[in-house]
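Fair warning: this is a prediction, and the values are worked out from it, not measured in the lab.
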Amino acid sequence: MATKKSNAVDGADESSCIAIADESGQKAVGVDADIKASNLRRLRRIEGQVRGLQRMVEGDRYCADILTQVSSVQEALRSVARALMRNHLTHCATHAIQSGSADEKQAMYDELLEMIYKNAR
């Protein structure tokens, strides 16, 4: 597992997602409000889909119908993951690779590889 370095920058622009460490773990700073709102809307929709799945199981719905909805939820989650990955690559990774120290660059490369491996499953 890669060691992640915090990379807080004073005056970070609104579109960056530079991470800082606090007691609960890493936290993004300066996340674009539109991207955050879009991801939250998608996740709320997915939450509703999952509740619908629960009702389908409770109501003894046909297995093939439930599996179709499970597949839909999985694709919706993959869509959110792709949006998050795009934002991370566009802002966080680009910043670390362009202006970070050699150690910060290597940590970002390691983090990106780990993210790709986890999301490629």
Looking at [Y], is its backbone amide N or carbonyl O close enough to the side chain of [X] to form a donor-acceptor pair, meaning the two atoms are under 3.5 Å apart?
X    : Y    : result
N87  : A83  : no
S71  : L67  : no
E114 : E111 : no
S79  : E75  : no

Begin from the C-alpha positions of E47 and R44 and carry the test salt bridge (charged side-chain N to carboxylate O under 4.0 Å, His left out) through to its verdict. CA-CA 5 Å; E47 182 180 21; R44 286 186 190 105; 6.0 Å; no
Which residues pass the side-chain hydrogen bond (donor to acceptor under 3.5 Å, both in side chains) test with E58, not counting sequence neighbours? none
For the residue pair T94 and L89, establish whether any side-chain heavy-atom pair is separated by less than 4.5 Å. no
Do H88 and L112 come within less than 4.5 Å of each other through their side chains, counting heavy atoms only? yes
Considering all heavy atoms of both residues, which atom of [X] and which atom of [Y] are nearest to each other, and what is their separation?
X    : Y   : answer
K105 : A96 : CG-O, 3.5 Å
V80  : R42 : CG2-CB, 3.7 Å
S72  : Q49 : OG-NE2, 3.1 Å

Give the intermediate values and the outcome of side chain to side chain donor-acceptor pair (under 3.5 Å) for residues Q106 and D110. CA-CA 6 Å; Q106 187 59 52; D110 292 343; 3.0 Å; yes
